[in-house]
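To start, the structure itself, in structure tokens.
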Amino acid sequence: MIRIVVQAEIADQICHSDGRIELVDDQGNRVGFVRRPPTDDEVKFAKSRVGSSGPKFTVDELIAKVEAL
């Protein structure tokens, strides 16, 4: 695994973002994408939904729905 250290301001932007973050170089070329780790509240909510009834979606379906927003 390669470790890249980012400036505190960039790390703060990542931590306070919603959803996927696109990384680009100084020429605007896409380098990749990152997502911030889930918060403790988001993990608790997700765990509370395990085994609940209702519609079920695959990860790909969920990503498509979020990206369509």
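All residue numbers refer to positions in the sequence shown, counting from 1.
Counted within 6.0 Å of CG on Leu69, heavy atoms from surrounding residues, nucleotides or ligands total more than 12; the atom is thus considered enclosed. A 6.0 Å sphere centred on CD of Gln7 holds no more than 12 heavy atoms belonging to other residues, nucleotides or ligands. For NZ of Lys47, the number of neighbouring non-hydrogen atoms (other residues, nucleotides, ligands) closer than 6.0 Å is 12 at most. Atom CG of Asp40 sits in a sparse spot, with 12 or fewer heavy atoms from other residues, nucleotides or ligands closer than 6.0 Å.
The hydrophobic cluster containing Ile10 also contains Val31, counting ILVMFWY residues as joined when their side-chain heavy atoms lie under 4.5 angstrom apart, directly or transitively.
Applying the salt bridge (Lys or Arg N to Asp or Glu O under 4.0 Å) criterion to Glu61, with sequence neighbours excluded, gives no partner residue. In terms of the salt bridge (Lys or Arg N to Asp or Glu O under 4.0 Å) criterion, Glu9 has no residue partners (sequence neighbours excluded). For the salt bridge (Lys or Arg N to Asp or Glu O under 4.0 Å) test, no residue two or more places apart in sequence or in another chain qualifies with Arg49.
At least one side-chain heavy atom of Ile63 sits less than 4.5 Å from a side-chain heavy atom of Glu67.
Salt-bridge check for Arg36 with Glu42: passed, with a basic side-chain N closer than 4.0 Å to an acidic carboxylate O.
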(request) Could you walk me through whether Val24 and Asn29 pass the side chain to side chain contact (heavy atoms under 4.5 Å, CB included) test, one step at a time? (result) CA-CA 5 Å; Val24 297; Asn29 299 310; over 6 Å; no

